[in-house]
Amino acid sequence: MACSVEIVCVGNELLIGKTLNTNAQWLAEQITRIGGKVTRVTEVGDDVQEIASAVIEALKRKADFVITSGGLGPTFDDKTLQGISRATGRKLKLNQEALRLVRDRYKEMSVPKRLRLTKPRVKMAILPEGSSPIRNPVGTAPGVLVEFGNAKLISLPGVPKELKAIFEKSVAEKIREKSGNLAFYESSMIVRGIVESALAPLIDRVMLGNPRVYVKSHPKGGEGRTGALIELHFSSTEKNRGKAREQVIKAIIDMVRMLGKRR
């Protein structure tokens with residue numbers, strides 16, 4: 001059974017429309033491909049209470065993983081770990097392992113020794129008690145893992161290349177293991193000349209006959225237009241990719257047959 005994952009994206013820039021939330025899209029795609037199930041994506045501003053509330057709500061919904069992005073840097077508005085501290089009741093404390101990771105990164109960047117651990121940089125090593133820092137292979141702020149009950153809270157930097165590097169190297173395998181190494185398969189087909197309202201009952205019939213396949217329609221033209229174009233997306237998650245692929249192909253064949261009977 002797929003493990004549940006909630007994503008909490010932090011940053012005022014997301015809420016005012018300055019920055020497109022590509023992190024959420026990328027994480028959701030990667031998590032789905034390795035057998036996880038993203039049940040919710042939440043965006044909050046750089047506010048400790050808002051972050052804490054989003055994390056608490058995710059924990060109440062018993063998410064297996066709560067992944068945050070953004071808010072781990074050295075500036076005053078990087079408040080994600082403060083929010084997690086409040087949500088979990090764990091005090092913030094200087095983490096020596098995280099401090100070593102930060103120091104080593106600045107050393108690799110040839111920053112003079114006397115400037116490596118300024119107060120803002122040390123801030124990136126102040127984590128909730130009991131946390132485990134996760135090495136950031138391309139940036140300075142470590143990722144953070146907090147185990148809380150049966151859930152794992154994982155905080156990733158907001159810089160996309162850093163988020164991706166940490167996720168691929170240190171997070172993906174944790175989700176894969178929890179999901180039991182489930183495999184995801186997807187495929188799409190394009191349907192022309194039929195409006196979505198007429199396609200809806202066919203989708204229902206295909207899904208009824210293929211209960212392990214999810215079918216979603218994505219209109220590319222307006223309802224009622226004779227030249228309507230619709231993408232049908234078929235997906236399945238199974239114990240192995242071959243089985244998932246087999247089920248998706250059968251569902252596509254069923255849909256093609258039903259469409260053929262309409263002509």
Side-chain angles (χ1 to χ4, degrees), residues 1-10 21-44 51-52 54-72 80-81 83-85 87-90 95 97-98 101 127-137 142-158 160 162-186 211-214 235-248:
M1 189 172 182
C3 69
S4 62
V5 183
E6 292 206 22
I7 300 170
V8 178
C9 300
V10 181
N21 193 354
T22 58
N23 283 341
Q25 185 273 334
W26 186 87
L27 283 170
E29 181 179 27
Q30 300 306 309
I31 291 165
T32 300
R33 289 185 183 280
I34 59 178
K37 182 179 181 180
V38 177
T39 57
R40 189 172 300 226
V41 176
T42 305
E43 291 183 358
V44 296
I51 297 167
V55 171
I56 290 170
E57 289 168 7
L59 292 172
K60 285 181 179 178
R61 288 188 287 269
K62 301 189 183 303
D64 295 306
F65 289 84
V66 180
I67 298 179
T68 70
S69 71
L72 299 185
T80 295
L81 296 179
I84 290 178
S85 170
T88 59
R90 298 186 182 183
N95 183 292
E97 175 62 14
L101 292 174
L127 317 181
E129 287 184 315
S131 300
S132 300
I134 306 172
R135 182 177 178 272
N136 183 338
V144 180
L145 167 64
V146 178
E147 299 202 26
F148 190 78
N150 294 323
K152 286 181 170 60
L153 281 64
I154 298 177
S155 296
L156 303 175
E162 297 181 26
L163 174 142
K164 292 176 182 180
I166 297 176
F167 182 88
E168 291 173 340
K169 188 173 181 61
S170 304
V171 179
E173 187 57 33
K174 297 181 188 299
I175 295 174
R176 190 178 287 111
E177 290 175 358
K178 180 67 176 178
S179 69
N181 293 303
L182 291 175
F184 175 80
Y185 186 84
E186 62 182 336
R212 299 289 295 172
V213 179
Y214 182 74
S235 61
S236 180
T237 301
E238 276 294 347
K239 292 183 178 179
N240 64 75
R241 182 175 170 82
K243 182 66 173 176
R245 179 176 181 273
E246 176 185 310
Q247 292 183 346
V248 166

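Everything numeric here is computed off the predicted structure, so don't read it as measured data. Both backbone and side-chain heavy atoms feed into the values below; hydrogens, waters and symmetry mates do not.
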By side chain to side chain contact (heavy atoms under 4.5 Å, CB included), which residues pair with T32, not counting sequence neighbours?
-> F184
Non-neighbouring partners of K164 that pass side chain to side chain contact (heavy atoms under 4.5 Å, CB included), sequence neighbours left out | W26
Does the side chain of V44 come within less than 4.5 Å of V8's, by heavy atoms?
-> yes
Look at the side chain of N23 and the backbone N and O of G158, then say whether any donor-acceptor pair between them is shorter than 3.5 Å.
-> yes
Residues in salt bridge (charged side-chain N to carboxylate O under 4.0 Å, His left out) contact with E238, at least two apart in sequence or another chain | R212
Any idea which heavy atoms bring A28 and I7 closest together, and the distance?
-> N-CD1, 4.0 Å
Just jot down the side-chain hydrogen bond (donor to acceptor under 3.5 Å, both in side chains) partners of R61, sequence neighbours excluded, or say none.
-> E6
Would you sort out whether S155 and T68 count as a side-chain hydrogen bond (donor to acceptor under 3.5 Å, both in side chains), showing the intermediate values?
-> CA-CA 5 Å; S155 296; T68 70; 2.9 Å; yes
Side chain to side chain contact (heavy atoms under 4.5 Å, CB included) filter on A183, not counting sequence neighbours, yields R241
Please report, to 0.1 Å, the donor-acceptor pairs under 3.5 Å made by any side chain of residues 128-135, with sequence neighbours excluded.
residue, atom, partner, partner atom, Å
S131, OG, P128, O, 2.5

What residues, two or more places apart in sequence or in another chain, satisfy salt bridge (charged side-chain N to carboxylate O under 4.0 Å, His left out) together with E168?
-> none
Results of side-chain hydrogen bond (donor to acceptor under 3.5 Å, both in side chains) for N95 - residues two or more places apart only = none
Rounded to the nearest 0.5 Å, how far apart are OG1 of T237 and NZ of K243?
-> 14.0 Å
By side-chain hydrogen bond (donor to acceptor under 3.5 Å, both in side chains) - contacts of R90 (at least two apart) | none
Donor-acceptor pairs under 3.5 angstrom involving side-chain atoms of residues 169-176: please list them, not counting sequence neighbours.
residue, atom, partner, partner atom, Å
E173, OE1, R176, NH1, 2.7

Salt bridge (charged side-chain N to carboxylate O under 4.0 Å, His left out) against E57, all qualifying residues, sequence neighbours excluded = none
Set of residues satisfying side-chain hydrogen bond (donor to acceptor under 3.5 Å, both in side chains) with respect to T80, sequence neighbours excluded | none
